[in-house]
Number of protein chains: 4
Amino acid sequence: MASAKTQSIFKAAIDLFSERGFEKATMDEIASRAHVAKGTIYYHFKSKEELFSFLVQEGTKLLHESVLSKVNPRKTPTEQIETIIREQLRFFDHYRDFCVILLREAWGDDVRQREFRRMLVHYVHAIEQIMRAGIESEEFLYTKAETGAWSIFGSISMAALHHIFSEPDMDLLLLAPDLTRMILKGMVSQITKDAESLVDEAPRKAQ
Amino acid sequence: MASAKTQSIFKAAIDLFSERGFEKATMDEIASRAHVAKGTIYYHFKSKEELFSFLVQEGTKLLHESVLSKVNPRKTPTEQIETIIREQLRFFDHYRDFCVILLREAWGDDVRQREFRRMLVHYVHAIEQIMRAGIESEEFLYTKAETGAWSIFGSISMAALHHIFSEPDMDLLLLAPDLTRMILKGMVSQITKDAESLVDEAPRKAQ
Amino acid sequence: MASAKTQSIFKAAIDLFSERGFEKATMDEIASRAHVAKGTIYYHFKSKEELFSFLVQEGTKLLHESVLSKVNPRKTPTEQIETIIREQLRFFDHYRDFCVILLREAWGDDVRQREFRRMLVHYVHAIEQIMRAGIESEEFLYTKAETGAWSIFGSISMAALHHIFSEPDMDLLLLAPDLTRMILKGMVSQITKDAESLVDEAPRKAQ
Amino acid sequence: MASAKTQSIFKAAIDLFSERGFEKATMDEIASRAHVAKGTIYYHFKSKEELFSFLVQEGTKLLHESVLSKVNPRKTPTEQIETIIREQLRFFDHYRDFCVILLREAWGDDVRQREFRRMLVHYVHAIEQIMRAGIESEEFLYTKAETGAWSIFGSISMAALHHIFSEPDMDLLLLAPDLTRMILKGMVSQITKDAESLVDEAPRKAQ
DNA sequence: AATGAATGAGAGTTCATTCAT
DNA sequence: AATGAATGAACTCTCATTCAT
């Protein structure tokens, strides 16, 4: 599972799936970038789909671990969310290729895409749990936790994705302060916040 | 530009690009779903890329118009953002196929993808302008407008995308209240907000 | 179904399937011998299997028609069998390639092979019917008709097949007198026949 | 030549060549069914062709011995033929896999197939000799011995082959009485035989 | 303005064979 | 004597594009 060849195939595959997308990445090019013969890939992975699946599984597992292992469950939900934002940015910064794959290849009805979404859902669930705890303790405003979690995930991911393409040399961690503030405190400043009634307080029991 | 044939090719193409993605959608299937001969598509569009580009251009133009025409520039930035959230959700709800294409096909280095991003950037710029106005008038907390705009766009888009795949029958507009509250007021409730110092107030001049 | 291209693909396919067998015949070579591009074959036939099936169907249909149309149902079973031997040899002589395919590719558990056998069984059934009629009228010695029919088919086919490979220039029809005599009158001469009791008379009702 | 490994490779190869045919049987599957590593096969056999040739040689040698050792040269040609029919059926019943290989893989222009036919010809020659003796002694009707021998071989083989696929559980020896009668006495009953002149008496010297 | 038969470069995959251990 | 990871040539099949009609 971690021979030198397997490793180098793995690396080349991430590279190329990120660069060209699943469909346009070719096994020929993966092989040549991994400095192995094409047959060697098929000796280690049953098919292109399986290579991709393996990579996605390892990737999301790593995302899950990298981010959530940093979250201290004894801290407040607010602090936990703040950690998630920071660590997810750090992960995306480190694994830019995987980040691109993640946000591009998860949407569709292929088996591979469904499976990918399942792994992603698993990660977002963790955010959802923190939200629920915060709502329970009234530290957070009431929100449908599922929507909230995906909103947070989208906020971080899209900001990261945009910067990966528009400013490739930028350190994505620089986005953390702004994203944290926006996600936790919202856009509207204190001063005007009380006055407005645009946003209805959601009933605490509706869900 | 809008003959009956062109229209039906257009519809079929959106359908299939959304269903299968750019690479897996075939001209054969587009032709058959549009009830025209394959040659006919090439009579109207130079290539698959061009068909896709045309579709992306019309789509983002429509997104731009559908959403921004509803924004009243004489209202407050807060109200404008609220309108954008609602109208973007309405648009995504109406054009789910395009929404999927948008979020899946924009990321990569192909000409087609770059062009797609340029159109998208144009749309997000409009959000950015509103942010800047709000920050200027101190109605909004200070944030790097670019990051903020993409964060908002990501928040709405990802929540929508998730629900498109997990609850296909749901009316996406139902996400509006939660998203609006999260984006404008943030997650943290009033009570605890003052106490915490986790989120540093960003210096007003840094950008 | 009978365009010039389809015809030439058909011819080339028979040629090559006979020359190399189903597995070793390549679509590339079939295409080049048919003077069409490889894609053209796939435009007309879904797959190599389907091309083969089509060819087998046409071939066995032709065998069936060529041989059985010559059989006069008002003549005696003996005469009918004699016709079948002669006409099957004529067919094999004319379509040597198909003859080789027939006897080589029908045995196995692939869908293609099962289907092939079904067509073959259909042909041998016709021989079986004649046998049954002859047995009924006591013109023929009692024999299990199924076994008898396959015995006749095997006798003709194997003799033909052997000569196709060992004496490619020989007219297979020259085999007709010997085969007819052997099949109808057996090997043993009149003189000795009565004396021997080796072959038990089969009970007329056993089947 | 007969180590435990060689034996088990041999068995697995017969199995798979019969099940899938020469081309579709893979060395991987043969190795795995023989419970040896793939390299081991190549240690014992130079190539797939050679493995097949070895197997064919052993098989036809066994056929030759199994059948002809039962033929008593002091008995009449009629009795000898009767023995051959019975014993060939017994052999085919016992080695069904080899029987299928025999009748499927012998026809073609590959070296392997030519060699196979040479072995087969050797066996059929033995039948031919008996025929010649019978013709000489006027116990048999005059027939071109070569044609007659292949006719007999085809008759037995095709009947066996058909039943192997259509009634896998049947004992092939049950075919012996019918085949013996057909081959020795022919289809036509005594009563009508004299009357008919359809089958010309072949001139005794033509060959 | 519209067609669809024809194309061929290029994709994913298989597998007999080799060879260092 | 035996192994199995590695190879790459060769295979089937796909599909955007062309062009004569």
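Both backbone and side-chain heavy atoms feed into the values below; hydrogens, waters and symmetry mates do not.
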Novice: Is C:E58 reaching over with its side chain to a backbone N or O of C:F54, donor-acceptor style, under 3.5 angstrom?
Specialist: no
Novice: Give the rounded distance in Å between these two atoms: CD1 of C:I30 and P of F:dC11.
Specialist: 11 Å
Novice: Checking all strands, does A:T40 fall into the base, sugar-phosphate, or nothing category for heavy-atom contacts under 4.0 angstrom?
Specialist: base
Novice: Quick one: look up who E:dA1 pairs with, Watson-Crick or G-U, both distances under 3.5 Å, and put none if it's unpaired.
Specialist: none
Novice: Relative to the 5' end of DNA chain E, which residue comes earlier, A:K48 or B:H35, by the nucleotide with the nearest heavy atom?
Specialist: B:H35
Novice: Could you state the NE2-P distance from B:H44 to F:dT17, rounded to the nearest angstrom?
Specialist: 17 Å
Novice: Taking C:S18 for the side chain and C:F98 for the main chain, is one N or O donor matched with an acceptor at less than 3.5 Å?
Specialist: no
Novice: Roughly, in whole Å, what's the span from CD in D:E29 to C1' in E:dC15?
Specialist: 12 Å
Novice: Using modelled atom types and a 3.5 Å cut-off, is there a donor and acceptor pairing between side-chain atoms of C:R104 and backbone atoms of D:W107?
Specialist: yes
Novice: Could you state the NZ-P distance from D:K46 to E:dT18, rounded to the nearest angstrom?
Specialist: 10 Å
Novice: Grab the CD1-P distance between B:I41 and F:dC19 for me, whole Å please.
Specialist: 18 Å
Novice: Could you tell me how far apart C:D28 (CG) and F:dT14 (C1') are, to the nearest whole angstrom?
Specialist: 14 Å
Novice: Which is true for B:A25 with a 4.0 Å heavy-atom rule: it touches a base, it touches only sugar-phosphate, or it touches nothing?
Specialist: sugar-phosphate
Novice: Keeping the roles fixed (side chain from A:K48, backbone from A:F22), state whether a donor-acceptor pair exists under 3.5 Å.
Specialist: yes
Novice: Taking the minimum atom-to-atom distance to the side chain of A:A37, which one of F:dG8, F:dA1, F:dG4 wins?
Specialist: F:dG8
Novice: Over all strands shown, is C:K38 touching base, sugar-phosphate only, or nothing at heavy-atom distances under 4.0 angstrom?
Specialist: base
Novice: Take the protein atom CZ of B:F45 and the nucleotide atom C1' of E:dA2, then report the distance between them rounded to whole Å.
Specialist: 15 Å
Novice: Are any of A:Y42's side-chain N or O atoms less than 4.0 Å away from OP1 or OP2 of E:dT14?
Specialist: no
Novice: With nearest nucleotide decided by heavy atoms, which residue, B:M27 or A:K5, maps closer to the 5′ end of DNA chain F?
Specialist: A:K5
Novice: Let me know the distance between CG of A:L16 and P of E:dA11, rounded to the nearest Å.
Specialist: 12 Å
Novice: In Watson-Crick or G-U wobble terms, both distances under 3.5 Å, what is the partner of E:dA9?
Specialist: F:dT14
Novice: In a check of side chain to side chain contact (heavy atoms under 4.5 Å, CB included) between A:L16 and each of A:R33, A:K24, A:K11, which one passes?
Specialist: A:R33
Novice: Does C:F22 or A:G39 map to a spot on DNA chain F nearer the 5' end, using the closest nucleotide for each?
Specialist: A:G39
